[in-house]
Amino acid sequence: MTRLSVVLLLVVATALVLRWRRPAWYWMTFGDLLATLRVLVRYASVMDACGLTVPPPRWRLALARMTYRPAPEPRAPRILRLRPTRTGLILRLKLRPGQDAFDVSAATDRLRHSFGMYGVIAREIRSGVVELRMTGYDVLKRVQMPAKIDHAPMRVPVALREDGSVHYRDYRTVPHGLTLGATESGKSVYQRTLVAALAAQDVALVGIDCKQGVELFPLARRFSALADDQDTALELLEALVSHMESVYQLVREQQRISVNVPDAEIAADIWDLAEDLRPTPIVVLVDEVAELALFASKDEERRRDRIITALVRLAQLGRAAGIYLEICGQRFGSELGKGITMLRAQLTGRTVHRVNDETSANMAFGDISPDAALAAIQIPADTPGIAVAGDSTGGWARIRAPHTSLREAVNLCNKHADRTPNVPALAPFRPAVASSASDTAPLNNASSATA
């Protein structure tokens, strides 16, 4: 009996230590089993307390009266599936007649407390079926990307969502994106993570970094074009517009529209072209958009108008030509001048890190989801990297990118430097990179890059 007590004491002590120091390990060893039992035991009473039950049908009540049996209890949604995951539980429910998915969404906070989980998020799978994704611990406190990640062309993993799923940046679905964040909010780490993920793709990277290139030029070996001042940025953007027009000419030549050609074979963008004819897709990263929009003289104002016009044209017309925009900045509003609101309307994907005021959050989410704007305002200052990601559909989620140091991003870009395509229209802007004895040298010995 003493030996059994010692073993139980060691197990309890191990569980407490893991829960304190390694919550992910605790969940996979003890937490998922305990949570599954807790959900199954408490399910009926919790659903009744949360108002997620419906009265029994009249025929059952009548049958109970005729047979002098107790009245049947209210019915809770039927459990279709309960599956443990590496971060929590997935509970799929079949709603009863008269219930709505909104009722479940409104009760998620009460379900979280009742089931003893860290977080609960509800989403409708199809009519009458709702999925509850429950997390057992704070997955955003220490981001660990899963070992198995889906990879596809122009679709890269960049962060972890608060429900434990992977957040992808899919350019085929969401062509253009806007990323906002104050200083030290984690915006640069998110951008480095995105570049490191794109480095392994067959894509041309184009960077505009008007902070003298301090953010993007260390990654120059993987970039097909880079600009570090407004004048070069203007020339680069106008070259991209000319390249876009030439791509449309190619698509027009290959459309092959006739009565004998099936609709599926008619080319409407570069992804409908044969692989040997398809131009290389281009991702344009603008590090600080305000530096392109501010001006102090008439000449700078004319340059600014040409820059914004080129960006708007790329945002409106670039998707079918395989040109995608990633606009970053601390603020993005009408105070940056004419054309900015038109540009923002074309940026479907929105990612907002910690901001300094409510207006900045409303700049990104005010026109699509007030709830997302409120969530962005509530990001604490001591958690850099936490962000709110949303799109024009109104859906949003809290995310956090894994910490990618500048050295790690440089190493990945150097590793995939052979994938850097040579786009003739961008050749004048190709960064001149000095030879390096080692691609993985310490950061202070990294290759310098100049435009």
Does a salt bridge link E238 with R306, judged by any charged N lying under 4.0 Å from a carboxylate O?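 The answer is yes: the pair qualifies as a salt bridge.
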
Below 4.0 angstrom, N of the basic side chain to O of the carboxylate: do R83 and E131 qualify? no

Please evaluate residues H403 and V189 with respect to the criterion side-chain contact (heavy atoms from CB on, under 4.5 Å), reporting the C-alpha separation (whole Å), side-chain torsions for both, the decisive distance (0.1 Å), and the verdict. CA-CA 6 Å; H403 180 72; V189 174; 4.1 Å; yes

Would you check, one step at a time, whether the test side-chain contact (heavy atoms from CB on, under 4.5 Å) holds for E408 with N411? CA-CA 5 Å; E408 292 172 341; N411 288 344; 5.7 Å; no

Taking all heavy atoms of [X] and all of [Y], pick out the closest pair and write down the distance.
| X | Y | value |
| --- | --- | --- |
| V195 | C413 | CG1-SG, 3.9 Å |
| Y248 | A321 | OH-N, 3.8 Å |
| Q201 | R155 | NE2-O, 3.8 Å |
| S369 | W396 | OG-CD1, 3.4 Å |
| A345 | R350 | CA-NH2, 4.5 Å |
| C210 | D229 | SG-C, 3.9 Å |

Do [X] and [Y] touch side chain to side chain, with heavy atoms closer than 4.5 Å?
| X | Y | answer |
| --- | --- | --- |
| L160 | P146 | yes |
| I308 | I340 | yes |
| T173 | T348 | no |
| D269 | D272 | yes |
| R142 | Y137 | no |
| I386 | R354 | no |

Residues R313, E245; criterion side-chain contact (heavy atoms from CB on, under 4.5 Å); working and verdict: CA-CA 11 Å; R313 293 189 65 190; E245 295 172 350; 3.1 Å; yes

I'd like to know if the side chain of [X] and the backbone of [Y] have a donor-acceptor N/O pair within less than 3.5 Å.
| X | Y | result |
| --- | --- | --- |
| T29 | W25 | yes |
| T280 | D202 | no |
| R112 | V120 | no |
| R304 | A293 | yes |
| T135 | G119 | yes |
| R92 | L80 | no |
| Q316 | Q346 | no |

Before you tell me yes or no, could you show the steps for R169 and V174 under side-chain contact (heavy atoms from CB on, under 4.5 Å), namely the whole-Å CA-CA distance, both residues' side-chain angles and the distance that decides it to 0.1 Å? CA-CA 8 Å; R169 181 67 177 93; V174 182; 3.7 Å; yes

Criterion side-chain contact (heavy atoms from CB on, under 4.5 Å) against F332, the qualifying member of T179, V289, T341: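 That would be V289.
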
Ring geometry between Y324 and H176 (parallel below 30°, tilted from 30 to 60°, perpendicular above 60°): tilted

Would you tell me whether D357 and S360 have side-chain atoms, one donor and one acceptor, within less than 3.5 Å of each other? yes

Between D299 and S297: side-chain donor-acceptor atoms closer than 3.5 Å: no

